Amino acid sequence: MLIIGPPGSGKGTQAERISERLGVVAISTGDIFRANVRGETPLGVEAKTYMDNGDFVPDSVTNKMVRDRLREDDVDGGFLLDGYPRTTAQVDYLDSILAKGEQKLDVVLQLTADDEELVIRLLGRAKETSRSDDTEAVIRHRLDLYHGQTEAVVAKYAGRGILTKVDGIGGIDEVTDRVMRAIENPSRVSVVSGR
Ligand code: AMP
């Protein structure tokens, strides 16, 4: 399955919880990039400037990283991708990886939240963490990329009938409850609202 959402929508937190409850491995491209930046690996050195500016790391780099990660043994029982695909070219690439492995996506979950709420949340997170991409200008740029590029990804999966939208505004446990309900009944629930 995939979890897609704007920056600050809580997708990383929810991905960890889904992973624990369903026993599938969660793979966050942002976490893999950050670990590489910390380790000063060639991949990290290449990704760092893009990340600091809130830009997407080029598809060629990101796609190869995801392909290698999906070749590892722990994904055999299924996986949850967090933060990939973010461009329609990445959707096509993921399609080709899945086709080769005779795998298919069961659910694409989109967490929704209002931009201004997200800016407030992310500026709050910036006080607690040292993420270099949590300044207001960079946050707004990341939101613009989400609307400009990743919403087209969401539209593709909606067209395939596997998209489930979940309202990401509310307490963490409350959102997890909505997410789990949406996963359990993906074909019946297309929008799980908190209101
Ligand atoms: P995240 O933790 O998901 O917000 O990702 C942090 C940063 O990592 C993003 O702002 C991008 O610079 C980079 N990144 C993560 N996933 C992708 C992706 N699928 N495509 C391109 N860049 C990505």
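Here the structure is a predicted model, which is why all the values come from computation and not from measurement. Below, each value reflects all heavy atoms present in this structure, side chains not excepted, and no hydrogens, waters or symmetry copies. Both counts, for ligands and for their atoms, begin at 1 and track the order of listing. Sequential numbering from 1 along the given sequence is applied to the chain's residues.
- The side-chain contact (heavy atoms from CB on, under 4.5 Å) test with D134 is passed by exactly one of E128, K127, R142: R142.
- Closest heavy-atom approach to atom 9 (C) of ligand 1 among the candidates Q149, K48, R86: R86.
- In the vicinity of D55, heavy-atom distances shorter than 4.0 Å reach the ligand 1 atoms 11 (C), 12 (O).
- No part of D31 comes within 4.0 Å of ligand 1, judged by heavy-atom distances.
- The shortest N or O to N or O distance between S28 and ligand 1 is not below 3.5 Å.
- Taking each of Q90, M51, R34, K11 in turn, the one with a heavy atom nearest to atom 8 (O) of ligand 1 proves to be M51.
- Under 4.0 angstrom from ligand 1, the non-hydrogen atoms of F33 all belong to its side chain.
- Counting only N and O atoms by type, the side chains of H141 and D133 include no donor and acceptor under 3.5 Å apart.
- In this structure the side chain of D59 reaches within 4.5 angstrom of the side chain of T87, judged on heavy atoms.
- At a heavy-atom distance under 4.0 Å, atoms from both the backbone and the side chain of V57 approach ligand 1.
- Shortest contact from atom 16 (N) of ligand 1 to any protein heavy atom: T29 OG1, 2.7 Å.
- The shortest N or O to N or O distance between G83 and ligand 1 is under 3.5 Å.
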